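These notes concern the structure reproduced below.
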Amino acid sequence: KGCELMGKLVERLNFGRIKERGTMPHFLEFQLDSYEDFLQAKEAPNNRKDKGLESAFREIFPVESSNGDIKLEYVAYELHEAEPPLNDELECKKRGKTYSASLKVRLRLINKKSGNEIQESLVYFGEIPLMTERGTFVINGAERVVVSQLHRSPGVSFNKEINIQTGKDLFSGKIIPYKGTWLEFETDKNDFLSVKIDRKKKVLATVFLKAIDFFENNTEIKDYFLETKELELTPIFQKYKNREELVSVLRTKFEGSFIKEDIYDEETGEIIAEVDAVIDEALIETIIDAKVDKVVYWEVKPEDKLLANTVLNDTTLTKEDAVTEVFKKLRPGDLVTIESAKSLIRQMFFNPQRYDLEPVGRYKMNKRLKLNVPDDEILLTKEDIIATMKYVINLNNGNGHTDDIDNLSNRRVRGVGELLLMQIKAGLSKMGKMVREKMTIQDSETLTPQSLLNTRPLNALILDFF
């Protein structure tokens, strides 16, 4: 009778005087929900939401052959119960078998070579273990539990390091996606703001902004980050007659700033200072000598020093230069064409198949940077990158606060469903590559969806996981 009792809990009698305050919460709910989110077994095959297993299939399919003649599309998947007596967990335990359901996927094969013929068939993909109501799996007769995993939540986090040689505080802001390339904005000991792509390749932040097509050139960057000011010089000349005083007054006004409009010598008509020139002491002397009326400039306040330095060291003039520069860093030794460089960078950050923040990453991002980007935007946006840069600049000026990566608010739980999903996505993408290869090799007359698919890598991964 022991087996029957396992299912039904023995009724408890309580002889205590103290009444129970409340009922125990259902602790296994998280596991059960996580797996149900993954399988969506209770939903009808055609109205499943785009999450879990469904999202994995939609991501891999449709698979097209290289010439586009043959196309394999995904319709829906069905879960079929095992044959009795194996559709009962206790039986599976007794017989040392796995308690599972068979996964059958409805696929549509479109063959343009043989006159657009369409075959639809149900393909058996393998077994998927089912969860018992106790949150366990029965694998080969043994009960197993999958333990959830804690990992760093996608989103953005800022931290501070101290440079050993100079004793200077260096700040960095990492944008961590759920999957894809890490982006890290950091300050270094020479006061540049640079970007690390995938934790190894370093480029100046301004080069990166131009490479991903947010700004055309440095002038636009300066317009965006710096304030434009205009200074009438005649009254100042009249007020300070002493040369040294005059120089020091002008130095405090705009030394280190960038000139925005060319300055001409009124008499000779020659150019004293061109656009983008940095105002230094020598230039101030020249301006005084030429008795210039007014100067239009981008003001570099002490807190803009970081950006100004970066712009000064940025030798790329157009975004094409910037793209090739980044490409050279990422793929040293490859031949650079502007098109290939552009597409590499676009693929890296703006392709949902390669880069994905997930809703949780987007939520953390909006919260940390106080943005209002819509929740379903899982790619990087201009606001994200600029807000991260500004935050790092602020940190460098002593405002804002850094994050602690060990704090649980910056961590996230990966449940059963998600862990299994990661395995299955890997298996499916291997399978997709094999299908593509087979499409080119096989005779296009005799193609069926079954002949294209090799489900062995997928099943091996599922078994390996459990």
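The model shown is predicted, which means the values in this text are computed figures rather than measured ones.
Using a 4.5 Å cut-off on side-chain heavy atoms (C-beta onward), M422 and K425 make no contact. Using a 4.5 Å cut-off on side-chain heavy atoms (C-beta onward), Y74 and I60 make no contact. For the pair F158 and L369, the minimum side-chain heavy-atom distance is below 4.5 Å. The shortest side-chain heavy-atom distance between L72 and F61 falls under the 4.5 Å cut-off. Within the 4.5 Å cutoff, no side-chain heavy atoms of T316 are placed close to those of L204. When side chains are defined from C-beta on, R362 counts as touching V373, because their heavy atoms get closer than 4.5 Å. N399 is not listed as a side-chain neighbour of E303, based on a closest heavy-atom distance of 4.5 Å or more. In this structure, L209 and F225 have side chains that are in contact, with non-hydrogen atoms separated by less than 4.5 Å.
Annotation for R144: atom CZ does not count as buried by contact number, only 12 or fewer foreign heavy atoms lying within 6.0 Å. Other residues, nucleotides and ligands place no more than 12 heavy atoms under 6.0 Å from the CG atom of L335. Atom OH of Y363 sits in a sparse spot, with 12 or fewer heavy atoms from other residues, nucleotides or ligands closer than 6.0 Å. Annotation: K189, atom NZ; neighbour count of heavy atoms from other residues, nucleotides and ligands within 6.0 Å does not exceed 12. When the shell of 6.0 Å around NZ of K433 is examined, it contains 12 or fewer heavy atoms from other residues, nucleotides or ligands. In the displayed structure, R58 atom CZ is contacted under 6.0 Å by more than 12 heavy atoms of other residues, nucleotides or ligands. Atom CZ of R411 has more than 12 heavy atoms from other residues, nucleotides or ligands within 6.0 Å. A 6.0 Å sphere centred on NZ of K430 holds no more than 12 heavy atoms belonging to other residues, nucleotides or ligands.
Ring centers of F214 and Y224: at least 6.0 Å apart, outside the cut-off. A centroid separation of less than 6.0 Å is found between the aromatic rings of F208 and F349.
Side-chain atoms of N407 come within 3.5 Å of backbone atoms of S409 as a donor-acceptor pair (strictly under, hydrogens ignored). Between the side chain of D191 and the backbone N or O of T187, no donor-acceptor pair lies under 3.5 Å. No side-chain donor-acceptor contact under 3.5 Å links S194 to the backbone of V203. Side chain of S157 to main chain of D403: no donor-acceptor pair is present (N/O by atom type, distance under 3.5 Å, no hydrogens or angles). Judged purely by atom type and a 3.5 angstrom limit, K329 uses its side chain to pair as donor or acceptor with the backbone of K202. Using a distance-only test at 3.5 Å, with no hydrogens or angles considered, no donor-acceptor pair links the side chain of Q31 to the main chain of G415. Judged by distance alone, the side chain of D404 and the main-chain N or O of D406 form a donor-acceptor pair under 3.5 Å. The backbone N or O of V336 sits nowhere less than 3.5 Å from a side-chain atom of S340 that would complete a donor-acceptor pair. Formation of a donor-acceptor pair under 3.5 Å by the E78 side chain with backbone atoms of R106 is not found in this model. Checked by atom type and distance alone, the side chain of T455 never pairs as donor or acceptor with a backbone atom of L458 at under 3.5 Å.
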Q. So F125 and F57, ring-ring contact (aromatic ring centres under 6.0 Å, His included) or not? Walk me through it.
A. CA-CA 12 Å; F125 257 54; F57 280 124; 5.7 Å; yes
Q.
Between K342 and E320, does the side chain to side chain contact (heavy atoms under 4.5 Å, CB included) criterion hold? Intermediate values first, please.
A. CA-CA 8 Å; K342 268 191 178 152; E320 281 75 22; 3.8 Å; yes
Q. Does the pair K174 and E186 meet the rule for a salt bridge (Lys or Arg N to Asp or Glu O under 4.0 Å), with working shown?
A. CA-CA 8 Å; K174 284 194 185 104; E186 52 176 27; over 6 Å; no
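In this structure, R48 forms a cation-pi arrangement with Y77, its terminal cationic atom sitting closer than 6.0 Å to the ring centre and no more than 45° off the ring axis. Note that K93 lies outside the cation-pi zone of Y99, set by a 6.0 Å cut-off to the ring centre and a 45° limit from the axis.
In this structure, OG1 on T388 lies 8.5 Å from CG on L183, to the nearest 0.5 angstrom. Taking CG from L32 and CG from D37, the interatomic distance works out to 11.0 Å, rounded to the nearest 0.5 Å.
For the 3.5 Å distance criterion, the side chains of N218 and K210 qualify, holding a donor opposite an acceptor. A donor-acceptor pair shorter than 3.5 Å can be found between the side chains of D384 and T381. Using modelled atom types and a 3.5 Å distance limit, the side chains of T136 and E143 yield a donor-acceptor pair.
Of the charged side-chain nitrogens involved, none lies within less than 4.0 Å of a carboxylate oxygen, so that E358 and R412 do not count as a salt-bridged pair. The existence of a salt bridge linking E43 and K51 is excluded, since no basic side-chain nitrogen approaches an acidic carboxylate oxygen closer than 4.0 Å. In summary, E220 and K319 do not engage in a salt bridge, as defined by a charged side-chain N under 4.0 Å from a carboxylate O.
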